[in-house]
Structures are given as structure tokens and as C-alpha cells.
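Have a look at the structure below before the remarks.
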Amino acid sequence: MDSPVCMMILGHDLNIIGANKAFYAAFGYSKEELSKLNFTDLSTDLTDISIKHFVRQLKVCQKNSMSLKLVYKKSNEEEVTAITHVRNFPGEVYERGRYALTFELRETSPKEKEYQMTRDAMSAINREMVLSADESFLDKLVRGISETLDIPYVLVGKYCEDENCIATESFWMKDKFVKDFKYSLDFTPCELVIKEGAKKVFQKDVQKVFPKDRDLVDLDVEGYIGLPLINAQHKVVGHIVGMDTRPLEYTDLMTSLLQLYSTRVIAELERIEGQNALKEKESHYRALFDNGFDGIMIYDIFEGEMKDWNHKFLEYMGTTDEVVKSNHASFYMPEYQPNGEKSMDIAYRRLLETLKTGRATYDFMHKKENGELMHTQNTVIRLPAPAEHLAVYIFRDITARKKAEEALKEKNIELQKYIDSNLQLENFAYVASHDMKEPLRNIGNFTQLLHRRYHHLMDEDGKEFIDYIIKGVKSMNLLIDDLLSYSRVNSENYNIESVDKEIVISSIRYNVNKALKERNTTLNIKRFPDTIRVNKTMCVQLFQNLIINGIKFTPSDITPQIIIDTLDEGDFWRFSVQDNGIGIAPEYHERIFVLFKKLHNKTEYKGTGIGLSICKKIVEKHGGRIWVASEEGKGATFHFTIPK
């Protein structure tokens, strides 16, 4: 065993039986240390798989020899490559056999050393990667690269194009991490990496190449290597950088290592970005959820529990988080709904509807914590997979609306009663006035007959009484005619149609011609639509009443002047009928449109007080409104609108 060639004896189970002095000297082990080791402890190349292969090779070479190139670990952890010749001792049985190993030591070349370093680096960093499935992956990666390559600075940065800067995701600086800071790309080696999308290596004197980069000076950087991070869309999204305070060695190794993990780093950056976007969305969702105008409650359909709720829900129910957590949803329901059905039955039926269709909307009565009842409009939405077991309940307090609806319903009932009563009254007025015409006509005829036959037999008082009866009959006839006209406007069916302007104007002039001649009245029609959508008969009656009304209330010593004009007000035509009569004091502007309301006695101005009421009815039946603008002694202008 004193041969200058390194030799070792192995047993069949790869235990080390012994070695010569040359081996101890070359590998630095003592006999005691070597006796505690197995052959697999010496060779860093032998893994579980390659050990099996090695054993199979031993079986094959029972009568032959074989040679292997293996890397061994010395006692000082230094590694050495050796051509290993394995030979089976002759005459030995395999199960109890011995193997002689001779080692032909070789000086490790730079390429082999670089390869070994790459392998070690990958092995070390992969161990870290196995352990890191969280946000600390980049930290473990850059620290592992720093320790493996023995360089003090390793940085992973994200490119912010809008700001032309790098935001550091992880920066190992000698013995600590530096995060959450940005630096400009201007006048830095990183600018070349990002802008050109290519690897940049400065083995030494990087400060001289980039004198304006103060960070290189502050960190005392001598050597620099940077690789761009390029995503699947061929866009530069950042870089991975290594820096040393000494000139760089093994740049090919560094390049290989950085390139090896660049894809994984890109994926991690995208994951972080997606996670940040998700957190931002969750933050927005939570802000909307908590500050919504409606109450929101998330219900687990399968477990039958309230899982989450917002502030508005608590406000609606007049409750607290602690009370909600300790109660079922039924706690906020009365036993029965207003229609007499059980609340739980309705809630269960609506939940089944949500399970089938994904959505349900219904009105419901809830009970607050203090027992007060509240009407709500509920919308239930079932969430899609994987959260299909959850339903979102959205509550809106409609108590005020329900009360308003109930009040409106009561008002509508009262209004309907009034309408029915008014229709009955109008029908009565129509029938009564129609039926009164015949007896009134008889009174008038017989009074006139009495006057003709017995006029010579009557004294002055009798003649005066006969005159009063005749005048009363005439007034009564006029009142009945006006009452019949008013009843017809309110009760008769009518058709709306487009009527030509010439037809309307000629009909108006024909109907008021006699009244115009009696007072020598001037009728001036300034502007009038080419066509209007009206009931022709009612429209002519409307203008006729207003014109005659203007003539009637013009003093006898003044020549009446009537002006008709029209303004376009978008969806409406606004008509005006102006006179130069006595005018109307402002306090009577509303009163004049009330049935039978007259401002003057019969001796001053004849009439029944129905004409303007008829005008108001006609305008309202057309969907418009009517009003007057006037001052006492300054004439009056009646305005009314008709929808186009």
C-alpha cells in the first residue's frame, strides 16, 4: 500500500476497507475518519440513481475492470476530479468480494471548475426554491445567488416605463435586504440593459464608464453584470443584476446562472403584480362593500349562516357585529309577513328560486333588533363557482316608499269616490238640465200667451210680474245651455287629430262673426301653427269663448281689440288671447276659472260664470294648462298650452 498511486479497497456494500498512504496524503483523511465513511460519502457525483448504476457496473466487472471519471470531496471540502479505475480481486466471491480502486488525479480546469460552481449554485438555489412558494421567493433567490457566487450585491428590479426608473423588488446588499425604493435609469449601466434588452457585463472599472451613476460610487462597485427580464410578449419588464466590489470572475457562470432563473423571476414578478392587482381589487371591493348605500349580507346557503355584512346592514337592522355573529338570519324576521304568510316560508322559497335561477328580487318585511318593523326590497344573487355556496343579499329600506304608497292608495280611493261622485253629479246636471228644457219652454210659452190675451186686463203690477217671469225664463234657458255645454266637455268622447291652421281660423271667425260686428271689434291673429293636434270642435269653442269673453268685458265706450298669438315652447304650443278690456285684479286670477264664480253682477255684465270653466276643461282634456296675466283696468291676456 506504499505505492505513489492513490489506492483504496472497497467491500461489496461500498464500505471502505482501507487505503494507501498516497490516498491519505492526497485526500487529507486520517484512517479513523476514512473508516467511518462509505464510498458514496466521498463522491459528490453519486446520487441515489447513480449509486444503483455504479453497483450494476461492479457486477458487470467482476472479471474485468472499468474506469469512471468522478469528482471527489477532500477532507477540507475542496473538490478534485479523478479518473477512477475499478478492478475486482481474482478468486473472490462477489457477495464477499473486494474491489481495488486506483485514482488518477487530474488538475481541475477553469471550465470544469466553472461547471462545478454552476452545479453547486443551482443545487443551493434549488433547495431554496423548494422551500419558497410565498412572497419571499425573490429574497431567497437573490441571497442564494449572492452567497453562491460570492458577490455582495444582487438585485431584481421591475421596469417602470412611464417614470423611466427601476422599482426594486428584492435587493441583497452584503448582509441585508433593501426594498421599496426606486432609482432613475439615466446614466446607469441598467439603462443599457433595459433599453437594449441585452446582457451587459463590465468586469471592472464600471465607475469609470458611468461616472454620473452615484450609486456605483456609494456602493464601491467595480464589476457589474445585468440581464434583462423579457416576458412572453417580448417586452422588457425588468432586470436581474449582480455587482461586486472586485473585478468579476466567472462571468460565463454568472450569465448562465442568471439566465437560468430569469424565467422563474419573470413569473414571480407577474405573480406579485397579479397579487397586488388582486389586493387592490379586494380593497376596492371592500370599500364598496362597507360603504354601500344598501345593506349587504353574505349568506352561506349550505351551512345556513350569515358570513359577512356591511355597515349599512347593521344600521338598517339597528344591531351590532356581536349580535349578528351570535344569531341566525331568522332573528331579523317577524313571524308573519303583511300578507299573512310565514316569513321563513317566503325566505326559503326565494332561496330555492336563487339556487335554480341564480337571482331573486322581492319585497320583504324585516324586524330590527329593537322589534321595529321595516319594509325592504331584497335582491339575492348566487355567486359563481368556486363560491356557489354563497348568496349575496342586498337590502334597500323602502319603508318610507311603502308608507307613501299606502297613503297614495288611500288618496286614490278618496279620489275615485270623488270622481264617481263628480261623474254622477255631472250626469245628473246633464239629465236635469236636459229634462228642465221642456217645462221651462212651457212656462215661457204660456207666460207669453197670458201676456198677449190678458195684457189689457192687467194693472201695472201685473204687467211687471209678467216681464219678470219672461226674463227669468230667458236667463234660466241660458244657464241650462251653458250647463249642458260644460257637461258635454267633461263627459263626451272626443278624437285628437291634426287640423290645418286655415280650417281652425276660418271656423273661429265664422263662430264669432256676429259678436265682432255688434261691437265693431278688431281680431288680429299674428302667429298660428300650420297644424295642431286637437279636437277641432273643442278647439274652436275654446277660442270662441275667450274672444267673446274679451269683447264682453270691454267697456261700451271703447272699441274692443282682440290679439291672438303663438309661441313654440318645445313640446308645447303656447297660445295667447289678449283683450283691452277692464282687466282682472291678481287676487281673482284663479277664481275666474271656478264654475259659476262671477266677479260682476248681472246688471253690469251678463253671463252664467261657466264660459271660462269650459275653457279650463277643454285645455286640461288636451293635456295643457291655462292661466291669465292681467291687472285691473289694463286688459287681460289668457295663456294656454297644447301639446304638439
Side-chain angles (χ1 to χ4, degrees), residues 478 481-482 485 489 499-569 572-586 588-589 591-593 597-619 622 624-642 644:
L478 181 61
D481 287 340
D482 286 349
S485 297
V489 170
V499 185
D500 187 75
K501 137 182 172 175
E502 298 302 330
I503 295 176
V504 177
I505 292 176
S506 62
S507 299
I508 293 171
R509 286 188 181 278
Y510 178 81
N511 283 16
V512 300
N513 185 54
K514 183 180 178 182
L516 294 176
K517 286 183 177 179
E518 285 178 354
R519 293 288 307 273
N520 197 27
T521 303
T522 301
L523 176 59
N524 180 15
I525 301 178
K526 287 185 175 181
R527 291 171 292 188
F528 206 91
D530 292 336
T531 58
I532 53 174
R533 289 189 55 78
V534 291
N535 177 271
K536 175 180 170 289
T537 303
M538 288 186 178
C539 179
V540 172
Q541 185 180 5
L542 171 61
F543 280 101
Q544 175 186 318
N545 285 5
L546 293 175
I547 291 169
I548 292 175
N549 195 72
I551 295 172
K552 181 171 68 173
F553 288 100
T554 300
S556 57
D557 58 339
I558 299 175
T559 300
Q561 293 180 352
I562 307 296
I563 301 173
I564 297 176
D565 201 0
T566 310
L567 291 176
D568 186 342
E569 293 192 337
F572 292 85
W573 295 114
R574 177 157 68 92
F575 297 93
S576 62
V577 180
Q578 180 182 348
D579 63 55
N580 59 337
I582 61 175
I584 306 167
Y588 300 116
H589 285 185
R591 180 181 174 184
I592 59 174
F593 295 104
K597 293 294 183 181
K598 297 180 62 180
L599 303 184
H600 308 280
N601 58 44
K602 293 180 181 179
T603 59
E604 293 181 290
Y605 299 98
K606 295 180 180 180
T608 59
I610 296 179
L612 289 177
S613 299
I614 292 174
C615 292
K616 186 171 186 289
K617 280 288 182 185
I618 291 173
V619 172
H622 281 80
R625 67 186 188 95
I626 187 170
W627 69 98
V628 66
S630 177
E631 291 183 30
E632 197 168 4
K634 295 183 179 181
T637 302
F638 285 86
H639 300 273
F640 63 90
T641 58
I642 297 292
K644 290 182 179 179

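Since the model is a prediction, treat every value here as computed from it, not as a measurement.
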Query raised in the report: Can you tell me how far the CG atom of L546 sits from the CD atom of Q544, to the nearest 0.5 Å?
Result: 10.0 Å
Query raised in the report: Under 4.5 Å between any side-chain heavy atoms of N511 and Q541, yes or no?
Result: no
Query raised in the report: How long is the gap from OG1 on T521 to CD1 on I547, to the nearest 0.5 Å?
Result: 10.0 Å
Query raised in the report: Do the side chains of Q578 and D565 get nearer than 4.5 Å, heavy atoms only?
Result: no
Query raised in the report: When you look at I551 and L516, which way does the side chain to side chain contact (heavy atoms under 4.5 Å, CB included) test go after all the steps?
Result: CA-CA 8 Å; I551 295 172; L516 294 176; 3.9 Å; yes
Query raised in the report: Going from CG on N545 to NZ on K616, what distance comes out if it is rounded to the nearest 0.5 angstrom?
Result: 15.0 Å
Query raised in the report: Would you call the rings of W627 and H639 parallel, tilted or perpendicular, where under 30° means parallel and over 60° means perpendicular?
Result: parallel
**Report entry** Heavy-atom donor-acceptor pair, T641 side chain to R625 backbone, under 3.5 Å
**Finding:** yes
Requested in this report: For I642 and V534, work out which heavy atoms get closest and say how close.
Outcome: CG2-CG1, 3.8 Å
Query - pair I626-I618: side-chain heavy atoms closer than 4.5 Å - result: no
Query raised in the report: Out of I525, V540, D500, which one pairs with I505 under the side chain to side chain contact (heavy atoms under 4.5 Å, CB included) rule?
Result: I525
Query raised in the report: Which value, rounded to the nearest 0.5 Å, describes the distance between E632 atom CD and I584 atom CD1?
Result: 10.0 Å
Query raised in the report: How about P560 and D579: do any of their side-chain heavy atoms sit closer than 4.5 Å?
Result: no
Query raised in the report: What are the two closest non-hydrogen atoms of S630 and G635, and how far apart are they?
Result: OG-O, 2.6 Å
**Report entry** Close side-chain approach of H622 to N535, heavy-atom, < 4.5 Å
**Finding:** yes
Query - Student check: side-chain heavy atoms of N580 and I562 closer than 4.5 Å - result: no
Query raised in the report: With a 4.5 Å heavy-atom cut-off, do C539 and I532 have their side chains touching?
Result: yes
Query raised in the report: Checking ring pair (Phe, Tyr, Trp, His ring centres under 6.0 Å) for the pair F638/F543: CA distance, chi angles, key distance, verdict?
Result: CA-CA 10 Å; F638 285 86; F543 280 101; over 10 Å; no
Query - Identified ring-ring contact (aromatic ring centres under 6.0 Å, His included) partner of F640 from the options F572, F575, W573 - result: F575
Report summary line: On a heavy-atom basis, the closest approach of K501 and P529 is CB-O, 2.9 Å
Report task. Please say whether more than 12 non-hydrogen atoms of neighbouring residues, nucleotides or ligands are located less than 6.0 Å from NZ in K634. Result -> no
Requested in this report: To the nearest 0.5 angstrom, please state how far the CD atom of E502 sits from the CG atom of D530.
Outcome: 9.0 Å
Query - Value rounded to 0.5 Å, distance of CD in E631 from CD1 in I582 - result: 14.0 Å
Query raised in the report: Looking only at heavy atoms, what is the nearest atom pair of T566 and R527, with distance?
Result: OG1-O, 2.7 Å
